**Q** 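Here it is: the structure, laid out below.
For the single chain, residues carry numbers from 1 onward in sequence order. Computed from a predicted model, the values in this text were never measured in an experiment.
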Amino acid sequence: MTPFRDLPREIQTSLRDAYAAEMALQTTTCSLDEKIRRFAAWLAPQGISFEANDLPQKRG
């Protein structure tokens with residue numbers, strides 16, 4: 001499995017956009033843990049792993 005964070009930025013963006021379009025048809029959740037689980041499950045068949053450490057970090 002390829003870690004999400006190792007993908008080029010433009011591929012990350014493309015995957016996020018595709019996922020957002022698909023999730024627009026699903027029930028929503030406020031739980032960050034559930035959002036991470038759903039995204040990871042969606043990416044897994046594509047050979048990509050995702051975990052909380054892959055979330056963008058705030059720059060301060």
**Q** Start with the C-alpha distance between Tyr19 and Leu15, add both sets of side-chain angles, then the distance that settles side chain to side chain contact (heavy atoms under 4.5 Å, CB included), and finish with yes or no.
**A** CA-CA 6 Å; Tyr19 178 74; Leu15 287 166; over 6 Å; no

**Q** Short question: side chain of Gln26, backbone of Ala24 - any donor-acceptor pair under 3.5 Å?
**A**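 A pair under 3.5 Å: no.
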
**Q** Roughly how far, to the nearest 0.5 Å, is NZ of Lys35 from CZ of Arg38?
**A**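 Going from the CZ atom of Arg38 to the NZ atom of Lys35 covers 9.0 Å.
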
**Q** Determine whether Gln12 and Phe50 make a side-chain contact, defined as any pair of heavy atoms from C-beta on separated by less than 4.5 Å.
**A**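 SC-SC contact between Gln12 and Phe50 ruled out.
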
**Q** Test of understanding: with side chain to side chain donor-acceptor pair (under 3.5 Å), list the residues that count as partners of Glu22, not counting sequence neighbours.
**A**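 So Glu22 forms a side chain to side chain donor-acceptor pair (under 3.5 Å) with Trp42.
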
**Q** Would you say Met1 and Leu7 are hydrophobically clustered, going by side-chain heavy atoms of ILVMFWY under 4.5 Å?
**A**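 Unlinked, Met1 and Leu7 end up in two clusters.
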
**Q** Do Ile36 and Asp54 touch side chain to side chain, with heavy atoms closer than 4.5 Å?
**A**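 Not touching, per the 4.5 Å side-chain cut-off.
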
**Q** Enter the distance from Arg37:CZ to Glu51:CD here, rounded to the nearest 0.5 Å.
**A**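 Result: 15.5 Å between the selected atoms.
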
**Q** Test of understanding: with side-chain contact (heavy atoms from CB on, under 4.5 Å), list the residues that count as partners of Ser14, not counting sequence neighbours.
**A**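 Scan of Ser14 (side-chain contact (heavy atoms from CB on, under 4.5 Å), adjacent residues dropped) gives none.
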
**Q** State, to 0.1 Å, how close Pro3 and Ser49 come at their nearest heavy-atom pair, and which atoms those are.
**A**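 Between these two residues, the closest heavy atoms are CA-OG, 3.3 Å.
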
**Q** Starting from Leu25 and following side-chain heavy-atom contacts under 4.5 Å between hydrophobic residues (I, L, V, M, F, W, Y), which residues can be reached?
**A**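 Leu25 clusters with nothing; isolated.
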
**Q** Atom CG of Leu55 and atom CZ of Phe4: how far apart are they, to the nearest 0.5 Å?
**A**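 Interatomic distance, Leu55 CG to Phe4 CZ, rounded to 0.5 Å: 9.5 Å.
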
**Q** Could you tell me the separation between the CD1 atom of Ile48 and the CZ atom of Arg5, rounded to the nearest 0.5 Å?
**A**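 So the gap between those two atoms works out to 12.5 Å.
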
**Q** Can you tell me how far apart CG (Asp6) and CD1 (Ile11) are? Round to the nearest 0.5 Å.
**A**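 Here the interatomic distance stands at 11.5 Å.
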
